[in-house]
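Taking it in order: structure first as structure tokens, then the write-up.
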Amino acid sequence: MSAAVPNPVDPYTTGEQPRRPGRVRPYALTGGRTASSVDLPLEAVIETVSFPSYPGWPAGDVRMTILHLGTQRLSVAEIAGRLDRPLGLVRVMIGDLVVAGSLRVHSTLTDDASFDERRALMERTLRGIRAL
């Protein structure tokens, strides 16, 4: 009688732990899109306007987390940092929520901004950095 030899590639028979699935690829969450339909600079502040009553999203959906973060009026970069997701992915998802009317983008400086506006932005940025 020969003893059964476990298959070395089968984690269930060798005692090895099976690989845990990784994160979902960003392109899967955005349908392959890499650009937002809305202009979203890194420093643009995002605000939640409304929560969908029943979005039909699966539990733990990133969009719901973005809506919750939008109640804190964070920048696009801050939201991406808190989610620990790629900035491009977060931009696309925020853009979708803006188009849907759930988020509002607060304008930042434009190319024709005055010296005083630029200085005020730099001062606010420095205050934020010091607060860290």
Spacing of [atom1] belonging to [X] relative to [atom2] belonging to [Y], to within rounding of 0.5 Å:
X	Y	atom1	atom2	answer
Met93	Leu97	CE	CG	7.5 Å
Leu103	Ser50	CG	OG	8.5 Å
Gln72	Ile79	CD	CD1	9.0 Å
Ile46	Leu74	CD1	CG	9.5 Å

Side-chain touch Leu67/Ser102, heavy atoms, less than 4.5 angstrom:
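In short, these two side chains touch, coming nearer than 4.5 Å.
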Residue pairs, two or more places apart or on separate chains, that pass ring pair (Phe, Tyr, Trp, His ring centres under 6.0 Å) and touch residues 70-91:
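Residue pairs with at least one partner in residues 70-91: there are none.
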For residues 60-101, which residue pairs pass the ring pair (Phe, Tyr, Trp, His ring centres under 6.0 Å) check, not counting sequence neighbours?
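Output for this query lists Phe51-His68.
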Residues which pass side-chain contact (heavy atoms from CB on, under 4.5 Å) with [X], listed by chain and number, not counting sequence neighbours:
X	answer
Ala77	Leu42, Ser75
Ala80	Leu87, Val90
Val99	Ser37, Val38

List in chain and number order the residues that pass side chain to side chain donor-acceptor pair (under 3.5 Å) with [X], two or more places apart in sequence or in another chain; answer none if no residue qualifies.
X	answer
Asp116	none
Glu47	Arg104, His106
Thr48	none

Do the side chains of Val45 and Val76 join up, straight or via other hydrophobic residues, at under 4.5 Å, putting them in one cluster?
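They do not share one cluster, since no chain of ILVMFWY contacts under 4.5 Å joins Val45 to Val76.
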I would like to know whether Val62 and Leu89 meet side chain to side chain contact (heavy atoms under 4.5 Å, CB included); could you show each step before the answer?
CA-CA 10 Å; Val62 176; Leu89 165 76; 5.7 Å; no
For Arg119, enumerate each residue passing the salt bridge (Lys or Arg N to Asp or Glu O under 4.0 Å) test, keeping only those at least two apart in sequence or located in another chain.
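Glu123.
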